[in-house]
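Before any comments, here is the structure.
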2 protein chains.
Amino acid sequence: MNDATANSHAKILEVAEALYARRGFAGVGMRELAEAAGLGKSSLFHHFRSKVQLYLAVVERVLARVEERVQPILTAHAPAAERLDRWIDALVDAFAEQPASARLLLRALFEEDEFDAADWPEGQAAERRLANVLDGITRLLQQGMRAGEFRAASAPHVVQTLIGATIYHFASGEIGERLLGGPLLSAEAVRARKAEMKQFLHYGLAARPASSDEGGQS
Amino acid sequence: MNDATANSHAKILEVAEALYARRGFAGVGMRELAEAAGLGKSSLFHHFRSKVQLYLAVVERVLARVEERVQPILTAHAPAAERLDRWIDALVDAFAEQPASARLLLRALFEEDEFDAADWPEGQAAERRLANVLDGITRLLQQGMRAGEFRAASAPHVVQTLIGATIYHFASGEIGERLLGGPLLSAEAVRARKAEMKQFLHYGLAARPASSDEGGQS
DNA sequence: GTCTATATCACGATAGAC
DNA sequence: GTCTATCGTGATATAGAC
């Protein structure tokens, strides 16, 4: 693959990420996408055999960026609580620096039944990366619980909460900005979100002696 | 409006909710939708003037169900912590009993830029209901903080976390089921999610004396 | 590797019979 | 209130020149 081809690929993936994040798989046509990338529709089909393959390549690339940021933290020599803080920082950074990625990933979770991602190599790679990330953070939480750094809780449920709280926040757009009363992606807002999330988990997972009414359910 | 018309409306909204939740606004055609509802495409346009109006009517109906469940709790005579527990129970119940609604709402947050919801009465009603729900839970959290039941935190950030943790969980589908190792919507799984969320908030928001390292940021 | 031209099909929406 | 038929448009994808 020569430089010109590689550059076209990157450019296409870039504009496709932004468009798919805004209107989803079905909402973006190959014609519109080609024009936004600065070439003809047929040229697009030269680079990607089908719309599904292009879409999955975009998703895979986003997940690769996330995985690249968070996975190294898991094996650091540090207490689980400290690694968790750094993991949250890294995940937030990944979403904040590429504003389209949170929406794209959130949509991708649901659009998987418009086609079968397992039929395409890009889809298999994407699923593998997602599984790695989820598996890694689950193990980290379990390590912290076994070590007594965190209270006993369901690690998978905490992961669901952690992912939901992060990805929803950065995908929430106007709704989130109206609630917060300001921008979601400014440096200050990103810093604030990291601090709130880490503090919430610090309290929410802290090991402490049992009290009389803890875990009460209505 | 006679009974036949009302029944058609309800049936259409029902099948549209399921389809839009699965494939989104752009991914579902009026023809497919009409056939799923058991009538011809043109008959659909007799009940709803356009695809956008039908879609917004579906979203509005889902938000109405959520609002109906959670709003009465806000004004109950009970401590904020207890009302928060009941609010979480009600929100989870709303999503769990209508499995499509979490995905539909999550998608609706992003599909708002395929058209302008404010141009349609159904869209205005939906936005009003959403604002009511978010405003109500924000006030409840602020009441609890002022009363000293909760620690001082950013109420809007807690709302973002709470909404994200709930809606993402029930929209996560196969990903969530693989992580949890079981179904998401069984009575037992719903009960477990409620307990985990309430316990997490119980710890995460509990007022307590300041310790030396709380809120530490990396 | 990019283009024009085209094939085939589905889309949202409307007209008008019944 | 439901139907058939149709309009105009845009969808994904391919063929083949350059």
Side-chain angles (χ1 to χ4, degrees), chain A residues 1-17 19-20 22-59 107 111-117 119-120 122-123, chain B residues 1-17 19-20 22-59 107-108 111-117 119-123:
Chain A
M1 184 182 291
N2 61 32
D3 284 1
T5 304
N7 288 341
S8 287
H9 269 266
K11 174 77 173 179
I12 291 166
L13 289 170
E14 203 174 311
V15 307
E17 180 176 330
L19 284 173
Y20 283 137
R22 285 181 67 85
R23 293 201 300 283
F25 174 76
V28 180
M30 294 296 264
R31 176 191 181 144
E32 174 188 9
L33 218 152
E35 283 173 6
L39 34 66
K41 185 180 56 170
S42 294
S43 305
L44 230 177
F45 281 95
H46 172 80
H47 292 277
F48 299 93
R49 268 181 276 141
S50 76
K51 182 182 180 178
V52 170
Q53 195 205 12
L54 168 56
Y55 177 77
L56 290 174
V58 171
V59 174
R107 300 192 91 123
E111 296 185 313
E112 278 177 8
D113 61 62
E114 303 209 35
F115 43 81
D116 193 345
D119 290 344
W120 300 81
E122 293 85 355
Chain B
M1 186 182 290
N2 61 33
D3 284 0
T5 304
N7 288 340
S8 287
H9 269 267
K11 173 78 173 177
I12 292 166
L13 289 170
E14 202 174 313
V15 307
E17 181 177 329
L19 285 173
Y20 284 138
R22 287 180 65 85
R23 292 202 299 282
F25 175 76
V28 179
M30 294 296 265
R31 177 192 179 143
E32 174 188 9
L33 217 153
E35 284 174 6
L39 33 66
K41 187 178 57 167
S42 295
S43 304
L44 231 177
F45 280 95
H46 172 80
H47 292 277
F48 299 92
R49 269 181 274 141
S50 75
K51 182 182 179 179
V52 170
Q53 195 203 13
L54 168 55
Y55 177 76
L56 290 174
V58 171
V59 173
R107 299 192 90 121
E111 297 185 311
E112 278 176 8
D113 60 63
E114 303 209 34
F115 44 81
D116 194 345
D119 291 343
W120 299 81
E122 292 85 355

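What you see is a predicted model; the values in this text were computed from it and never measured. Here is how names work: the chains are called A, B, and so on, in the same order as the sequence lines, proteins then strands, and each is numbered from 1.
- For A:Ser50 and D:dT12, a side-chain-to-base donor-acceptor distance below 3.5 Å is absent, hydrogens and geometry of angles not being considered.
- Side-chain atoms of A:Arg107 come within 3.5 Å of backbone atoms of A:Arg22 as a donor-acceptor pair (strictly under, hydrogens ignored).
- At the phosphate of C:dG1, neither OP1 nor OP2 sits under 4.0 Å from any side-chain N or O atom of A:Ser43.
- Nucleic acid contact for A:Val52: none, since no nucleic acid atom lies under 4.0 Å from a heavy atom of the residue.
- What separates CZ of B:Phe45 from C1' of D:dA5 is a distance of 15 Å, to the nearest Å.
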Stepwise side chain to side chain contact (heavy atoms under 4.5 Å, CB included) test for A:Asp119 and A:Val52: CA-CA 10 Å; A:Asp119 290 344; A:Val52 170; over 6 Å; no

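- Proximity note for A:Leu39 (side chain, C-beta onward) versus C:dG12, C:dC3, D:dT14: the nearest is C:dC3.
- Of the candidates D:dT2, D:dT12, C:dA13, the closest approach to any side-chain atom of A:Lys41 belongs to D:dT12.
- Rounded to an integer number of Å, the gap from A:Gln53 CD to D:dA13 P is 10 Å.
- We find that NE2 of A:His46 is positioned 15 Å from P of D:dA15, with the value rounded to whole Å.
- With rounding to whole Å, A:Leu44 atom CG is found 14 Å from D:dA11 atom C1'.
- Using a 3.5 Å distance cut-off with no hydrogens or angles, the side chains of B:Tyr55 and B:Glu111 do pair a donor with an acceptor.
- Nucleotide D:dG10 holds its P atom 19 Å from the CE atom of B:Met30, rounded to whole Å.
- Between A:Leu44 and A:Met30, the shortest heavy-atom contact is CD1-O, 3.4 Å.
- For D:dA13, the base has no donor-acceptor partner in the side chain of A:Ser42 [N/O atoms by modelled type, under 3.5 angstrom].
- Separating the CD atom of B:Glu35 from the P atom of C:dA10 is a distance of 11 Å, rounded to the nearest angstrom.
- A:Phe25 is listed as a side-chain neighbour of A:Lys51, based on a closest heavy-atom distance under 4.5 Å.
- Atom-to-atom, NZ of B:Lys51 to P of C:dT14 comes out at 15 Å; the value is rounded to the nearest Å.
- With rounding to whole Å, B:Leu33 atom CG is found 12 Å from C:dA13 atom P.
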